[in-house]
Amino acid sequence: MAAKEYPLENVRNIGIIAHIDAGKTTTSERILYYTGKTYKIGEVHEGAATMDYMAQEQERGITITAAATVCFWKDIQINLIDTPGHIDFTAEVQRSLRVLDGGVVVFDGVAGVEPQSETVWRQADKYEVPRICFVNKLDRMGASLVRCIDMIVERLAAKPLQMQLNDGLEGEFKGIVDLLRMRYFTFTGDKGEEIQENDVPAYLLDEANRLREKMIETVSETDDALMEKYLAGETPTIEELAPAIRRGTIARKFFPVFCGSALKNKGVQLVLDAVHDYLPSPLDIVAQTAIDINTDQPVIRTADVKLPFAALVFKVISDPTGMGKLAFFRVYSGAINQGDIVLNSTKNKQERMSRMYQMHANKREAIATVSAGNIGVAQGLKDSITGDTLCDPDHPVLLETISFPDPVVKLAIEPKTATDQDKMGKALKALSDEDPTLHVATDVETGQTTLAGMGELHLDVIVDRMKREYAVEVRVGKPMVAYRESITRPARARHVYKRQTGGKGQFGDVGLEIEPNEQGKGFEFLNEIVGGTIPREYVPAVEKGIREALEGGVIAGYPMVDIKVHLVDGSFHEVDSSEMAFKIAGSMAVKDAVAKAGGVLLEPMMRVEVTVPDDYTGTVVGNLNSRRGMINSIDQRGNAQAVNSFVPLSEMFGYATDLRGMTQGRGNFVMEFDHYAEIPKNLAAELIKGEDGSRK
């Protein structure tokens, strides 16, 4: 059955994003129920959520992979992606935000803005995604809409626009006041599907009027016509305010805040109304700038079906049941039909769109066409992976790709039997194609296979998927930290590589300067050769040699980061010089320079937030200090304390078990990578000697 085509102004590409346990998937399940997509609400705590379809998600009660679906509300089509909240699966959020037009950020009404809330907010800022906020769980003990709004200001440096007022909290949470229309809503029926609309109760009127005045003032600050009216003492009408709120939301001048309890079926329909009223359609977003491959010039791609086809692959999943690879793609211009040939301009290979689908979690519906502004899934693409551009072969362009963080935890794996050896290789290929933050490597000296990922849970899920989906049995080593190396001061070195073996010799002479780069900037190579002392054709070989030397590490075998290399001098031989000679000379020169540049070892520092009852705060703080942790703050969270700190990753293995023991199972923690920091000299010495085998 062909899917109904909605005009682009009636399409919303949105994601549900939040910290783990804020209620994203529960909110998504209510959206599917109220939009008629499902006829039964799947509960996360029962392992029955529609959008958490993987066995690993249902067992753990968390979202691991971003699930996509299509649903309809009033006169709009919503392409919805439910993203993970756990930091180990942050790549799923990153790639979803790259292709979405708007977001619903869910906050826990008790905890407010949590560490991963900050992370996803920053990611949404990076991709300039307009957002509305949903303060969830107002039925829970300790919930506070006011505190959550204050935290949005303090922690996110954002401007919230309060659109609703809650009537009661915790067990007394009864209804919601719409401040724009000054109407009072309650939700009845088994699943909150019956909405009662009434006048605002007298006991809420003063507070509602005060907050409405504040809302009008905030909106007027972003709109000249409204400001003129407001300063003249006139009250803008709803018909004037609603479009101004939409314009301000799309321009990210403020972020409308709504409230409710998804689990208790209160407020979700009003959030759907806000998606309809305030979040952008594909026509409202900033046009994509692509690079024309033929001219190397920027070209604009807008959501227009008449323009040449251009799309970005943002997710790939492998289906072990024989369906092959499924590639999720967002179309930015033009349209594509089933069976069409497209160009993967990232790899310069042609692909056939043999079959296309609309997804509903892990179910799919065949479709014939995907046009600009929409999200589709293609089956049968052989070479396309996350971040690749698909385009019209006659109009080749490259869209901005997606960047992902480097992994911080490694572990060694080996197959249990010879039969598992081949299957393991195929499984790792499929899983690493799916997940750009999973790095698979083979140690050239030992032949050992290592997996590097975003955390223990991430790697645990990968190993579990290998076993269940690909029937591969493996032995797993202890988790290891992904250390890095860097330098502390500038240095200069020159290396002449010269070999004579009877016939044609080898000659390469490279002089370079190195200096520390800004934290997080990685490796930077600058060719400053003048006068042709090194011919231009040999410079790429020098850079390649330097890169390989730094990736292999100079101090203790860990990759070297945040280093700037200036190629400043050298010489060549008319007959004996070659690319290989200059590659080796570059490699040896950078190693010599690092030896003079105060090389240091770096370790990943994790931002850790531990939430515990007051009685255990002292014990938890003492334990974090013993793990070389640095306490940043201790905040009151309802009837508990939230201890924020930076702790080296190497000290956090097994912390979940220790925390349970310290707090009689009443404490919990979240952890995410924050930055790399220099390792204390005594520990660095152990690592360099290789004495700390568990870590190396």
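No hydrogens, no waters, no symmetry mates; every other heavy atom, side chains included, goes into these values.
With hydrogens and angles left out, the side-chain atoms of S333 and D304 include no donor and acceptor closer than 3.5 Å. Counted by atom type alone, D167 and Y203 present one or more donor-acceptor pairs between their side chains at under 3.5 Å.
None of R246, R247, R252 except one satisfies the salt bridge (charged side-chain N to carboxylate O under 4.0 Å, His left out) rule with D284; the exception is R246. V99 pairs in a side-chain contact (heavy atoms from CB on, under 4.5 Å) with only one of the listed residues (L399, L312, N13), which is L312. Exactly one of F134, W121, F107 qualifies for a ring pair (Phe, Tyr, Trp, His ring centres under 6.0 Å) with F255. That residue is W121.
Contact of the I17 side chain with the V104 side chain is not registered, since no non-hydrogen atoms from C-beta on lie closer than 4.5 Å. In this structure the side chain of S645 never reaches within 4.5 angstrom of the side chain of M630, judged on heavy atoms. Contact check for V370 versus F329: side-chain heavy atoms found under the 4.5 Å cut-off.
P280 and G102 get closest at one heavy-atom pair: CD-CA, 4.4 Å. The minimum heavy-atom distance between C71 and I31, with the atom names listed, is SG-CG2, 4.1 Å. Across all their heavy atoms, V177 and Y184 have their closest contact at CG2-CD1, 3.8 Å.
Between the CG atom of D635 and the CE atom of M151 there is a distance of 7.0 Å, given to the nearest 0.5 Å. Taken from CZ in R607 to CZ in F646, the straight-line distance is 6.5 Å, to the nearest 0.5 Å. One finds the SG atom of C133 at 12.0 Å from the CZ atom of F254 (value rounded to the nearest 0.5 Å).
At least one donor-acceptor pair closer than 3.5 Å links the side chain of R12 to the backbone N or O of V275. Not one N or O on the side chain of R155 forms a donor-acceptor pair closer than 3.5 Å with the backbone of G112.
Between Y278 and F258, the angle of the ring planes stays under 30°, which puts this pair in the parallel group of the 30/60° scheme.
Residue-environment remark: CD (E228) stays at or below the threshold of 12 foreign heavy atoms within 6.0 Å.
Salt bridge status for K229 with D224: absent, with no side-chain N to carboxylate O gap under 4.0 Å. One finds a salt bridge joining K159 and E221 here, because a Lys/Arg side-chain nitrogen approaches an Asp/Glu carboxylate oxygen to under 4.0 Å.
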